[in-house]
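Have a look at the structure below before the remarks.
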Protein chains: 2
Amino acid sequence: MPDRLSRNPSTSPAGAPAPGQRADARNNRARLLQAARDAYALDGTGVPSSAIARRAGVGAATLYRHFPTRDALISAAFSEQLGQCVAAVDEALNDDDPWRGLRTVLTEVCRMQAEDRGFSAAFLTAFPDAPDVQRERARAESRLARLVQRAKDTGQLRKDFDSSDITLLFLANNGVLRDSPAASMAASRRLLAYFLQSCRPTDDTPLPEPAPLRLDDLYRAPRRTG
Amino acid sequence: MPDRLSRNPSTSPAGAPAPGQRADARNNRARLLQAARDAYALDGTGVPSSAIARRAGVGAATLYRHFPTRDALISAAFSEQLGQCVAAVDEALNDDDPWRGLRTVLTEVCRMQAEDRGFSAAFLTAFPDAPDVQRERARAESRLARLVQRAKDTGQLRKDFDSSDITLLFLANNGVLRDSPAASMAASRRLLAYFLQSCRPTDDTPLPEPAPLRLDDLYRAPRRTG
DNA sequence: GGCTAAACGGTCGACCTCTTCCGTTTGTGC
DNA sequence: GCACAAACGGAAGAGGTCGACCGTTTAGCC
């Protein structure tokens, strides 16, 4: 009796709610995802899976039946929010003012990170087994690059800005998140404000070499800050 | 046969090389500290203690005899580098140019973080059981505040800069560190450059409220980024 | 060189997390 | 309502780390 997820792991590794499944299964799946989001938002993605199952009111086996691996659960839990990010980039590309668009995207993503440490961690994690996540991320990244180029062309963004600086910001922003959501928000806002001020074009001292950071090849976010 | 460390845990929880101990003990202690520094620098403070003991060529029991708890080892391993930071602040206070002093301190600490993720993690960890670490940190913080004030007074630093922004920088910098030291260094330098540019006084848009961050009340740096 | 206590190292138990097994329950179509 | 397969949950196994015990070794001193 192979279940759906192990039968076709390639087509929907963390994918959509399967159509042919029983009502209780669909229901449990939804509650697991919600429990995961809640727990991750509160305490980060380090939360033990058993706690997620307990919070959802199901057994551990049920969790693993729906999400064969830890990463599958995490990427499924945050796929919606990842989609939001991509949508934000699309919206920004439609803005008449490239700088405003860019600034809005950065602000929005930083806010989402500060609101939900779990999302922040998921956002910066590679998920080598979730090709759809990787694909979406790659799409978002190439569009961001286009947005950056436009902002440079209009002279609103410094010429030595590099697309990798966006990743740099998101990593830095993840680093300033605290246990308390309020503290996270305050720190995030302040950091972003500093960053945005430096993004304006200037004939002042040039920046050092860009860091070799692409959202694509970020390693997994490790157990400790160290 | 109580050993030294458990006999007086309050006076030197992670303290200096005891004078009255045997040569082999002193030797092993030093090798443990070196092994810890090496391992932590490479892989962060998440490295299992058994690996440290193996690297030092001693048994696990020896490690625990010298350092009763995990945190004791970590704080002892990095106390020297913490001292370097305090010294850097002192030196900066002696600089004729407050801005140059401040910039040098920030550059130096960021560089140390990028060179050694273990130090970076230790630097941002509370260590409630290591009063000497806390004391030194508090001292450094108050001196930094003085330095900030001087730089503001000379008009070299924006008036709405807050001392907590230094903590913010160190946290952010910790967040951009990667597995590869070269990548960490590049990212750190770039981040610092952005930050420093925004620190100059400007009559431009003001910053949002400072984040409630003091080096003192940072929570422990958790196992995962999430 | 020999004695004594300090120091050592292998081993063992406790704890925690991830993952799987298997007997039982429950939803669904006839 | 009945039968069957899907889905469930409790419990157990595997892996790994922390920290302690205890018999053995070795440094320091006479």
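Predicted, not measured: the structure shown is a model, and the values here were computed from it. Side chains included, hydrogens not; waters and symmetry mates left out as well; all remaining heavy atoms used. Residue numbers start from 1 in every chain, and the chains themselves are labelled A, B, ... in the order their sequence lines are given, proteins ahead of strands.
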Any side-chain N or O of [X] below 4.0 angstrom from OP1/OP2 of [N]?
X	N	value
B/Arg65	C/dC8	yes
A/His66	D/dC8	yes
A/Thr62	D/dG9	yes
B/Asn28	C/dC8	yes

Notebook entry, point to check: Are B/Tyr194 and A/Tyr194 near enough that their ring centres are under 6.0 Å apart?
Noted result: no
Regarding the side chain of A/Ala61, the nearest nucleotide among C/dT19, D/dA27, C/dT20 is C/dT20
Among the nucleotides C/dA7, C/dC18, D/dG9, whichever has the atom closest to the side chain of B/Gln21 is C/dA7
A correct dot-bracket answer for DNA chain C, with pairs being Watson-Crick or G-U at under 3.5 Å, [ ] for crossing pairs and | for inter-strand pairs, is ||||||||||||||||||||||||||||||
Next on the checklist: Taking A/Asp179 first and then A/Arg117, would you say they form a salt bridge - that is, a charged N and a carboxylate O separated by under 4.0 Å?
Outcome noted: yes
**Message:** Check B/Glu141 with B/Arg137, please: is the shortest side-chain N to carboxylate O separation under 4.0 Å?
**Reply:** no
By nearest-nucleotide position on DNA chain C, the 5'-leaning member of B/Asp24 and A/Pro48 is B/Asp24
Assert: residue with more 5' nearest nucleotide on DNA chain C, out of B/Gly59 and A/Ser49, is B/Gly59
Q. Could one point to a donor on the side chain of B/Arg54 or the base of C/dG9 with an acceptor on the other under 3.5 Å away?
A. no
- May I ask you to verify whether the side chain of B/Arg22 and the base of C/dA7 hold a donor-acceptor pair under 3.5 Å? no
Distance check needed: [N] [atom2] versus [X] [atom1], whole Å only.
X	N	atom1	atom2	value
A/Leu63	C/dC21	CG	P	17 Å
B/Leu73	D/dG19	CG	P	11 Å
A/Tyr64	C/dC22	OH	P	19 Å
B/Leu32	C/dC8	CG	C1'	12 Å
B/Ile52	D/dG16	CD1	C1'	16 Å
B/Arg70	D/dT17	CZ	P	10 Å

- prompt: NA contact type, B/Ala25, heavy-atom cut-off 4.0 Å: base, sugar-phosphate, or nothing?
  reply: sugar-phosphate
Under 3.5 Å: donor-acceptor pair, side chain of [X], backbone of [Y]:
X	Y	answer
B/Arg178	B/Ser184	no
A/Arg143	A/Leu93	no
A/Arg190	B/Ala211	no

So do A/Ile74 and A/Thr125 actually touch side chain to side chain, heavy atoms under 4.5 Å?
no
